[in-house]
Visitor: 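Attaching a single structure in structure tokens format; questions to follow.
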There are 2 protein chains.
Amino acid sequence: MSASTGRRERLRQATLEEIHAAARKLLVEQGSAAVTVNAVARRVGMSGPALYHYYAGHDELVGAVTAGFFRELAAAMEQARDARPGAPTGDRMLAACRAMRAWATAHPAEFGWIFASPIAPPDRRPDSARHRAALRFEQVLLDLTVELWRTRPFPVPDPAGLPASLREQLTAYSAAIGGRLPPEAAHVFLSCWIRLYGLLCMEVLHQLDFAYTDMEPVFEECLRDLAAALGLAYSGPPDA
Amino acid sequence: MSASTGRRERLRQATLEEIHAAARKLLVEQGSAAVTVNAVARRVGMSGPALYHYYAGHDELVGAVTAGFFRELAAAMEQARDARPGAPTGDRMLAACRAMRAWATAHPAEFGWIFASPIAPPDRRPDSARHRAALRFEQVLLDLTVELWRTRPFPVPDPAGLPASLREQLTAYSAAIGGRLPPEAAHVFLSCWIRLYGLLCMEVLHQLDFAYTDMEPVFEECLRDLAAALGLAYSGPPDA
DNA sequence: ATGTTTCCTTAGTGACTCTAAATAATCTAG
DNA sequence: CTAGATTATTTAGAGTCACTAAGGAAACAT
């Protein structure tokens, strides 16, 4: 068997990327419904069933494309996070959040595709590339929150004030992330995550068009809230 | 021409409802992808193209079904709102919010369909039945907020502290709702709306499965936050 | 040079959306 | 009560989709 750098393997990788790019272009230009096996194959110059030598079917193709989007989004956030290594954790967190929205607004079709996948639950198998990429994406803000918690702990609610069932779930989640955050801190993290993610979700799904035409200041207001919740200084958008 | 209660018209309405029910059953039992023109027609006992005499195509059928879901959701919220006419506005608002989540969790497929429609943006024409039903849905909490604002004004941010572009949009929205809320109050309303809607969005799209298995206490925590923001007394879930 | 693996094509199946034409049922007018 | 218009529904068919199967051609290994 040839090594991983064999000529064939290289060609195969190139074709995979070409397929990936074609699918993305199709998505951006004509919407998610246009991303069909046949259409993608046509774009890369091969006809129909040839694509089945690269992906087992439509779902797997969709999953691979989605994973790529997640990776790109995570990379953008990681880059923003690491752009100024010496800066306070809070600033780097705000930068990562803004990078998330920047990617989302620069690539609305891709961001929408991530959530409202034409086929929502199928590729949610915990071993899929999509799942791994999604984990990496979720990890970015979690890591920053952990760092913040270690260096400059934020205020947390009294665990006794939380409902018992919520406390149990938080304890389980705290264990799932290796105890890097205690349950109360995990609650704060998840609350922030929900607000951030939910807002972008709604923006991208156009659920707020009835009230807002430009979501940027709304997003900044949300960031201000989150900064307050995390006890960190809110510094306005970089170019404002 | 016959009156609106002609026999034919009645038959047609009955068929429309039958189509509607068949589509919904298909959605619930086999997922959104199963809601095809052919499958729906088969279920109502007619074959294929006959359905085109009731809907111009797949998109219109989807839109009609979605509008029905919106109406049902709005009705459930209105019923909760009006269940205890003498109760404080705050209690009735919490009841309406809980009714929203109750409907969403009782009909996850339908609620998910509302957002991640197989065909997202096309039937977003401002004159469609879907759009009107969505407006009615949005109106429920808006009405309650207006009532609250008139009877027991909630704290609002200083307009001078808001970014100019946000202020402009809020002014426009305030005008769009007939000035029933001033821009600052509209901002509070929209913030609450975004948090509520965003949370349910994420729950239904299973974006929080990585941390929570039971979202009910999370939702109640959110309600508690919103109650605080609106300056009203939080009263726990009715049956807890 | 031979055999194997990989890639890609054509052909074909069953499903889908939707159009067109023909047929059956129903209502309306004289 | 019958003739014509309207409506409901059917079958046929075009075009596309996902996917399978079978075969040819190229690249690879030995």
Side-chain angles (χ1 to χ4, degrees), chain A residues 1-20 22-23 25-27 29-66 113 117-123, chain B residues 1-20 22-23 25-27 29-66 117-120 122-123:
Chain A
M1 60 194 70
S2 62
S4 66
T5 53
R7 194 174 107 80
R8 272 191 127 138
E9 193 59 28
R10 252 181 303 123
L11 277 181
R12 186 181 179 83
Q13 287 303 322
T15 307
L16 280 171
E17 280 183 29
E18 203 178 340
I19 290 172
H20 198 108
K25 205 165 188 187
L26 231 24
L27 164 69
E29 291 175 359
Q30 297 175 236
S32 63
V35 185
T36 67
V37 174
N38 286 344
V40 172
R42 261 196 302 273
R43 281 240 172 163
V44 296
M46 46 183 164
S47 252
L51 217 146
Y52 284 80
H53 281 264
Y54 297 92
Y55 293 109
H58 185 253
D59 290 12
E60 197 176 302
L61 170 61
V62 165
V65 171
T66 308
W113 170 283
S117 288
I119 39 162
D123 208 354
Chain B
M1 61 194 71
S2 62
S4 66
T5 53
R7 194 173 106 80
R8 267 190 131 140
E9 192 59 28
R10 253 183 302 123
L11 279 180
R12 186 180 176 83
Q13 285 305 321
T15 307
L16 280 171
E17 280 183 30
E18 205 178 339
I19 290 171
H20 197 108
K25 204 165 188 186
L26 231 25
L27 164 68
E29 291 175 359
Q30 297 174 237
S32 63
V35 186
T36 68
V37 174
N38 286 343
V40 171
R42 260 197 302 275
R43 282 239 173 165
V44 296
M46 47 182 164
S47 249
L51 217 145
Y52 283 79
H53 281 260
Y54 297 91
Y55 292 109
H58 185 252
D59 291 13
E60 198 174 301
L61 171 60
V62 165
V65 172
T66 308
S117 290
I119 39 160
D123 206 354

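Here the structure is a predicted model, which is why all the values come from computation and not from measurement. In the text below, chain A, chain B and the rest are named by the order of the sequence lines, each starting its count at 1. Hydrogens, waters and symmetry mates play no part in the numbers below; they use all other heavy atoms, side chains included.
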Visitor: Does C/dT6 have OP1 or OP2 sitting under 4.0 Å from an N or O in the side chain of A/R12?
Guide: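 It does not, given that no N or O in the side chain of A/R12 lies less than 4.0 Å from OP1 or OP2 of C/dT6.
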
Visitor: Using rotation axes that map the C1' atoms of four end pairs onto the next four (five pairs an end), what angle separates the end axes of the helix from C/dA1-D/dT30 to C/dG30-D/dC1, to 10°?
Guide: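 Roughly 0° between the end axes, to the nearest 10°.
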
Visitor: Is there a residue in residues 47-57 of chain A whose heavy atoms reach under 4.0 Å of DNA chain C, and which residues are they?
Guide: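 Residues of residues 47-57 of chain A that come under 4.0 Å of DNA chain C are, in numerical order, A/S47, A/P49, A/A50, A/H53, A/Y54.
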
Visitor: How many whole angstroms separate atom CD of B/Q13 from atom P of D/dT7?
Guide: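 My rounded result for the distance is 15 Å.
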
Visitor: Which residue pairs pass the salt bridge (Lys or Arg N to Asp or Glu O under 4.0 Å) test when at least one of the two sits in residues 49-58 of chain A, sequence neighbours left out?
Guide: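 Listed once each, the pairs would be none.
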
Visitor: Would you say a side-chain N or O of A/N38 is under 4.0 Å from OP1 or OP2 of D/dT16?
Guide: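 Looking at the OP1 and OP2 atoms of D/dT16, neither is under 4.0 Å from any side-chain N or O of A/N38.
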
Visitor: Pair up each side-chain donor or acceptor in residues 37-49 of chain B with any protein partner under 3.5 Å, not counting sequence neighbours, and list the distances.
Guide:
residue: B/R43; atom: NH1; partner: B/E29; partner atom: OE1; Å: 3.4
residue: B/R43; atom: NH2; partner: B/E29; partner atom: OE1; Å: 3.1

Visitor: If I compare all heavy atoms of B/G57 with all of B/Y52, which pair ends up nearest, and what's the gap?
Guide: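 Distance-wise, the nearest heavy atoms are CA-CE2, 3.8 Å.
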
Visitor: Just how far is it from atom OG1 of B/T15 to atom OH of B/Y54, taken to the nearest 0.5 Å?
Guide: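 Answer rounded to 0.5 Å: 4.0 Å.
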
Visitor: Using the test side-chain contact (heavy atoms from CB on, under 4.5 Å), find all partners of A/Q13 that sit at least two apart in sequence or belong to another chain.
Guide: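 A/Q13 satisfies side-chain contact (heavy atoms from CB on, under 4.5 Å) with A/E9, A/L16 once adjacent residues are dropped.
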
Visitor: Of the listed nucleotides (D/dC17, C/dT9, D/dT10), which one gets closest to any side-chain atom of B/M46?
Guide: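 Of the candidates, D/dT10 comes closest.
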
Visitor: Tell me which of A/V37 and B/T15 sits closer to the 5' end of DNA chain D, going by the nucleotide each one is nearest to.
Guide: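 Result: B/T15.
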
Visitor: How many angstroms lie between atom CG of A/L51 and atom CD1 of A/I19, to the nearest 0.5 angstrom?
Guide: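 A/L51 atom CG to A/I19 atom CD1 measures 4.0 Å (nearest 0.5 Å).
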
Visitor: Take atom CG of B/L11 and atom P of C/dT26, then tell me their distance rounded to the nearest Å.
Guide: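 Whole-Å distance recorded here is 9 Å.
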
Visitor: Is any side-chain heavy atom of B/V62 closer than 4.5 Å to a side-chain heavy atom of B/Y55?
Guide: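 Of all side-chain heavy-atom pairs linking B/Y55 with B/V62, none is under 4.5 Å.
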
Visitor: Can you tell me the distance, in whole Å, between the CZ atom of A/R42 and the P atom of D/dG15?
Guide: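 Spelled out: CZ on A/R42 to P on D/dG15 is 14 Å.
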
Visitor: Please list all pairs meeting salt bridge (Lys or Arg N to Asp or Glu O under 4.0 Å) that have one or both residues in residues 47-57 of chain B, counting only residues at least two apart or in different chains.
Guide: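 Matches after skipping sequence neighbours: none remain.
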
Visitor: Can you tell me the distance, in whole Å, between the NE2 atom of A/H58 and the P atom of C/dC16?
Guide: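 It works out to 16 Å between those atoms.
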
